[in-house]
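Working notes for the structure below.
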There are 2 protein chains.
Amino acid sequence: MIDEQQVAITDSEWELMRAVWTLKRVSSRQLITIMEEERQWADSTTKTLLRRLIKKGAITPVGDARPYDYVPAVQEQASMDAAAVRLFDQMCAMRAGSAVAAVINSRELSQADIAQLQQILQEKAKTAPQMVACNCLPAGMGENCMSEGDDVDGQR
Amino acid sequence: MIDEQQVAITDSEWELMRAVWTLKRVSSRQLITIMEEERQWADSTTKTLLRRLIKKGAITPVGDARPYDYVPAVQEQASMDAAAVRLFDQMCAMRAGSAVAAVINSRELSQADIAQLQQILQEKAKTAPQMVACNCLPAGMGENCMSEGDDVDGQR
DNA sequence: CCAATTAGTTTACAACTGTAAACTTAAAAA
DNA sequence: TTTTTAAGTTTACAGTTGTAAACTAATTGG
């Protein structure tokens with residue numbers, strides 16, 4: 001199913017999801033153990049989060065007998081991509097490039113990742129504009145968030 | 001001041017911030033007008049968000065007479081970078097590369113942005129590992145979220 | 001100087017989040 | 001088959017977020 005994109009996953013839910021994605025099929029017991037060891041969550045906490053994720057359709061219980069197992073109902077990569085794109089969508093378009101740079105700098109990437117990114121960039125360069133317009137204000141109020149000094153107020 | 005990084009800005013606050021960052025110094029009146037036109041917010045809504053942002057130190061009121069003006073107390077680029085890095089920090093390290101690719105693909109980047117990214121990647125390639133380890137489970141429970149099929153459960 | 005008008009401050013309130021206890025089955029052990 | 005234990009379901013509860021009304025204190029227009 002591809003209805004996933006809209007499932008909003010919160011910070012703590014994200015933690016649980018990662019375990020489910022990684023194990024592909026887990027019992028609540030395993031999840032409780034993992035989250036206890038990893039975040040010191042009380043078992044009830046894991047149970048609650050598991051329940052919420054099931055309700056919002058991010059996890060599906062499988063099996064017919066009592067100790068059910070749980071499997072992800074949304075893909076990890078797709079969820080990550082959506083979350084990342086969404087974040088960038090709410091920030092100034094003009095500064096996205098630098099933000100991406102910050103992310104890359106903060107992270108370890110494999111040779112393959114780098115190659116893929118270089119590939120994409122090279123392709124993108126062919127049609128890239130000289131400059132990306134700032135989209136921080138409603139049309140008409142044409143201002144640009146990068147004009148001049150990035151001042152940060154008084155106390156300096 | 002550089003204590004900024006930790007100021008957590010919520011989704012709607014982000015909208016207001018963008019206007020403040022762009023205008024550099026605004027009156028509440030201008031903000032109210034902008035947010036009304038851009039998000040159909042009631043004036044009280046803008047007032048509340050402005051107040052909350054002041055309280056959490058993201059905006060500073062300036063002036064001594066009554067109609068104060070407001071200026072950002074944290075830098076836009078730094079805030080964006082922090083938000084983006086934070087998001088990636090909570091997702092699987094092994095899949096960050098693809099997520100970055102998704103962001104790049106979803107976005108318009110300027111020639112300069114692309115050049116900068118290529119520069120960074122080239123540098124990073126020199127010491128990049130063959131593979132980035134999955135960090136989704138607590139140490140010891142060594143599993144890797146990318147082993148085999150990215151199945152998405154039943155209903156297909 | 002008094003009345004309108006604004007700008008700024010409090011209060012409101014439901015939904016969502018993080019965190020967890022309590023309760024109710026169903027399964028396993030005795 | 002009775003008791004224990006583990007799995008699943010409800011309820012709880014404070015703090016945050018989105019949204020906004022109400023109230024108070026300055027400003028400004030007469």
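Scope of the values below: all heavy atoms of this structure, side chains included, with no hydrogens, waters or symmetry mates. Each chain gets a letter, A, B and so on, in the order the sequences are listed, and its residues count up from 1. Predicted model, so just to flag it, every value in this text is computed and none were measured.
- Atom CG in B/Asp69 sits about 11 Å away from atom P in C/dA7, given to the nearest Å.
- Looking only at side-chain heavy atoms (C-beta outward), B/Asp11 and A/Arg86 come within less than 4.5 Å of each other.
- Under 4.0 Å is where a charged nitrogen must lie from a carboxylate oxygen, and between B/Glu15 and B/Arg39 at least one such pair does.
- Between the CD atom of A/Gln90 and the P atom of D/dT17 there is a distance of 13 Å, given to the nearest Å.
- Taking 4.5 Å as the limit, every side-chain heavy atom of A/Leu87 sits out of range of all side-chain heavy atoms of B/Val103.
- A donor atom on one side chain and an acceptor atom on the other are not found under 3.5 Å apart for B/Asp43 and B/Thr46.
- A/Trp21 places no side-chain N or O within donor-acceptor distance of the main-chain N or O of A/Pro72, the cut-off being under 3.5 Å.
- The existence of a salt bridge linking A/Arg95 and B/Glu76 is confirmed by a sub-4.0 Å separation between a basic side-chain nitrogen and an acidic carboxylate oxygen.
- Look at CE on A/Met35: it is 17 Å from P on D/dA7, rounded to the nearest Å.
- Distance CD1 (A/Ile54) to P (D/dG8): 8 Å, rounded to an integer number of Å.
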Quiz: residues 116-128 of chain B side-chain donor-acceptor pairs under 3.5 angstrom, not counting sequence neighbours:
from	atom 1	to	atom 2	distance (Å)
B/Glu123	OE1	B/Lys126	NZ	3.2
B/Glu123	OE2	B/Lys126	NZ	3.1
B/Lys124	NZ	A/Ile104	O	3.4
B/Lys124	NZ	A/Arg107	O	2.9

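- Atom CG in A/Leu50 sits about 14 Å away from atom P in D/dT10, given to the nearest Å.
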Item checked: Contact pattern, 5' to 3', of nucleotides 13-22 of chain C - B, S or - by protein heavy atom under 4.0 Å -> ----SBBBB-
Item checked: Protein-to-nucleotide contact annotation, 5' to 3' order, nucleotides 25-30 of chain C [B base; S sugar-phosphate only; - none; under 4.0 Å, heavy atom] -> BSS---
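- Within a 6.0 Å radius of CD in A/Gln130, no more than 12 heavy atoms belonging to other residues, nucleotides or ligands are found.
- Residues B/Leu50 and B/Ser28 meet the side-chain proximity criterion, which asks for heavy atoms closer than 4.5 Å.
- Rounded to whole Å, atom P of C/dA7 lies 17 Å from atom CG of B/Asp64.
- Taking atom CZ of residue B/Arg29 and atom P of nucleotide C/dA7, one finds them 4 Å apart after rounding to whole Å.
- Under 4.0 angstrom from either OP1 or OP2 of D/dG8 there lies at least one side-chain N or O belonging to A/Tyr70.
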